[in-house]
Amino acid sequence: MTTQAHTGHHNHAAHGDHAAHTDHAAHADHAAHAAHDAHASHAGHDQHADHAAHGGHADHAGHGAHAAHAHGGHDGGVPGGLQVTQDGYTLDLAEKIVATGETEFRFRILGPDGLPVNEFDAIHDKELHLIVVQRELTGFWHVHPERQADGTWTVRLNLPAAGAYRAFTDIAPRALGRTITLGADFAIAGDYRPGTAPEPERTFTVDGYEVALDGDLVAGEGRLLTLTVRKDGELVTDLQPYLAAYGHLVILRAGDLAYVHVHPNGEPGDGVTAPGPDVTFHTAVPGRGTYRLFLDFKHGEKVRTAAFTLPTA
């Protein structure tokens, strides 16, 4: 499994293994609808209804093929990813300080009894999704560790810069029956040179691809974000499905790293959703602030990432 660091000041190469995401239907009149409550069920949405992004506590069982949902959204309580322990489950990192360079990143998910959890329901084809970021949001890694028999998760990461980091895990413990997002801080030892996230921009270029962002984030409201992909100036109309979606979007708030993980409208092969150039997400964020957005998309048999900085409107 490969991993990829994403800095805010440079073009990004492909990620390693990414999450599979359930997709949304095409929406007829999106602007008229606000965000759903995070605890609402995702089942039974009309194929072309307009839905907001849902919170990280929502039940993911019984999704329709076009149901809208997200991990780590806001439900009026604590935003996703800000707690190391939630509902009795704890993200237990093996090391709180690690060296720069390639390392074996290890952790466990402890249950209410304090023992490692070994039974999880799959979330988009994976038992666990790991997101690692620098706290300044200039580096981003999205990978899928392997679980050992003793409940320890392991993955090789190449973390090239010293500084403060945070790890997020999207999980659905079988005994809990729903998805939660846990987060924990760790540090990379070395000569730490603080950085800042790039200034807001509406375009990002990687490997000859230009991705343009249209739409706004509004606190307390569900809004559409559309990302349009071009290659060497030409619209890309043959995006490839990557684990059941044409794009995957992680959103993090600068400062506290409140976490939202959303999935696009429509689904490859649904007879409605075109394979580009547009990938559209219905997104709700947990409050005012400046956010970093990381979009994964696949074309030419390679997954690439575009990164944006966007303040709330």
J.: To the nearest 0.5 angstrom, please state how far the CZ atom of Phe168 sits from the OG1 atom of Thr181.
T.: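 It comes to 9.0 Å.
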J.: Provide the closest heavy-atom pair for Thr237 versus Pro277 in the form atom of the first, atom of the second, distance.
T.: CG2-CD, 4.1 Å
J.: Give the minimum heavy-atom separation between Leu295 and Gly247, together with the two atoms involved.
T.: CD1-CA, 4.2 Å
J.: Do Val218 and Val285 share a hydrophobic cluster (ILVMFWY, side-chain heavy atoms under 4.5 Å, transitive)?
T.: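 Hydrophobic grouping puts Val218 apart from Val285.
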J.: How long is the straight-line distance from CZ of Phe107 back to CG of Leu182, given to the nearest 0.5 Å?
T.: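 It comes to 10.0 Å.
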J.: Between Arg223 and Asp214, does at least one N-O distance fall below 4.0 Å, as a salt bridge requires?
T.: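 No salt bridge links Arg223 with Asp214.
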J.: Between Phe204 and Arg304, is the side-chain contact (heavy atoms from CB on, under 4.5 Å) condition met? List the steps.
T.: CA-CA 11 Å; Phe204 186 88; Arg304 296 170 174 86; over 6 Å; no
J.: According to the interplanar angle, ranging from 0 to 90°, do the rings of His142 and His144 count as parallel (below 30°), tilted (30 to 60°) or perpendicular (above 60°)?
T.: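 Tilted, since the angle between the ring planes falls between 30° and 60°.
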J.: Mind checking the CG-CD1 spacing from Leu257 to Ile251? Nearest 0.5 Å is all I need.
T.: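 Here the interatomic distance stands at 13.5 Å.
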J.: Which is it for Tyr89 and Val117 under the side-chain contact (heavy atoms from CB on, under 4.5 Å) test, yes or no, and what are the steps along the way?
T.: CA-CA 9 Å; Tyr89 293 86; Val117 179; 3.8 Å; yes
J.: Hey, is the main chain of Gly215 close enough, under 3.5 Å, to the side chain of Arg202 for a donor-acceptor pair?
T.: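 Looks like yes, one N/O pair under 3.5 Å.
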J.: Report, as yes or no, whether the 6.0 Å neighbourhood of atom CZ on Arg174 holds more than 12 heavy atoms from other residues, nucleotides or ligands.
T.: yes
J.: Determine the minimum heavy-atom distance between Phe186 and Glu95, stating which atoms define it.
T.: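 Distance-wise, the nearest heavy atoms are CB-O, 4.2 Å.
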J.: Between Tyr259 and Gly81, which heavy-atom pair has the shortest distance, and what is it?
T.: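 The answer is CB-CA, 4.2 Å.
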J.: List the steps and the verdict of side-chain contact (heavy atoms from CB on, under 4.5 Å) for Ile109 and Phe120.
T.: CA-CA 10 Å; Ile109 304 297; Phe120 298 87; 4.0 Å; yes
J.: Side chains of Pro311 and Thr290: does their closest heavy-atom pair fall under 4.5 Å?
T.: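 Yes; the side chains approach each other to less than 4.5 Å.
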J.: Do the side chains of Leu159 and Leu93 join up, straight or via other hydrophobic residues, at under 4.5 Å, putting them in one cluster?
T.: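 Yes, same cluster.
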J.: Could you measure the distance from the CG atom of Asp150 to the CG atom of Leu115? Nearest 0.5 Å is fine.
T.: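 Atom-to-atom, Asp150:CG and Leu115:CG are 12.0 Å apart.
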J.: Determine, for Arg135 against Asp185, whether the closest basic-nitrogen to carboxylate-oxygen distance falls under 4.0 angstrom.
T.: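 Looking at Arg135 and Asp185, the cut-off is met.
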J.: When you measure from the side chain of Thr312 to the backbone of Gly289, do you find a donor-acceptor pair of N or O atoms at a distance under 3.5 Å?
T.: yes
J.: Test side-chain contact (heavy atoms from CB on, under 4.5 Å) on Glu210 and Thr205 and set out the steps.
T.: CA-CA 4 Å; Glu210 181 184 84; Thr205 301; 4.3 Å; yes
J.: Does Leu110 share a hydrophobic cluster with Leu176, counting links as ILVMFWY side-chain heavy atoms below 4.5 Å and allowing steps through other members?
T.: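 No, separate clusters.
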J.: With heavy-atom distances below 4.5 Å as the criterion, would you say the side chains of Glu136 and Thr196 are in contact?
T.: no
J.: Please say yes or no: joined through hydrophobic side-chain contacts below 4.5 Å, possibly via intermediate residues, are Val84 and Val98 part of one cluster?
T.: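 Val84 clusters together with Val98.
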J.: Out of curiosity, Thr103 OG1 to Leu157 CG, how far, rounded to the nearest 0.5 Å?
T.: 7.5 Å
J.: Using side-chain heavy atoms (C-beta onward) and a distance below 4.5 Å, is Thr169 in contact with Trp153?
T.: no
J.: Does the plane of the ring in His261 sit parallel, tilted or perpendicular to the ring in His129? Use 30° and 60° as the thresholds.
T.: perpendicular
J.: Okay, side chain of Gln240, backbone of Gly300: is any donor-acceptor separation there less than 3.5 Å?
T.: yes
J.: Which residue is it: Leu249, Thr226, Leu293? I am looking for the one with a side-chain contact (heavy atoms from CB on, under 4.5 Å) to Phe281.
T.: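 Answer to the side-chain contact (heavy atoms from CB on, under 4.5 Å) test with Phe281 among Leu249, Thr226, Leu293: Leu249.
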J.: To the closest 0.5 Å, what do you measure between CG (Leu225) and OG1 (Thr280)?
T.: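 One finds 9.0 Å between CG of Leu225 and OG1 of Thr280.
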J.: Between Arg147 (side chain) and Asn118 (backbone), is there a donor-acceptor pair under 3.5 Å?
T.: yes
J.: Quick check: closest heavy atoms across Arg288 and Ala219, and the distance to 0.1 Å?
T.: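 Scanning both residues completely, I find the closest heavy atoms to be N-CB, 3.6 Å.
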J.: By salt bridge (charged side-chain N to carboxylate O under 4.0 Å, His left out), which residues pair with Asp238, not counting sequence neighbours?
T.: none
J.: Holding to side chain to side chain donor-acceptor pair (under 3.5 Å), I want the full list of residues that pass it with Thr309, two or more places apart in sequence or in another chain.
T.: Arg292
J.: Could Lys231 and Tyr209 be counted as a cation-pi pair, given that NZ or CZ must be under 6.0 Å from the ring centre and within 45° of the axis?
T.: yes
J.: Take Trp141 and Phe105 through the ring-ring contact (aromatic ring centres under 6.0 Å, His included) test and state the conclusion after the steps.
T.: CA-CA 12 Å; Trp141 295 258; Phe105 192 75; over 10 Å; no
J.: Taking all non-hydrogen atoms of both residues, which atom of Pro116 and which atom of Arg108 are closest, and how far apart?
T.: CG-NH1, 3.7 Å
J.: Would you please say whether a donor-acceptor pair under 3.5 Å links the side chains of Gln148 and Thr152?
T.: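 No, because no side-chain N or O of Gln148 sits under 3.5 Å from a partner of the opposite role on Thr152.
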J.: Please answer: with hydrophobic residues joined when any side-chain heavy atoms are less than 4.5 Å apart, are Val206 and Val229 in the same cluster?
T.: yes
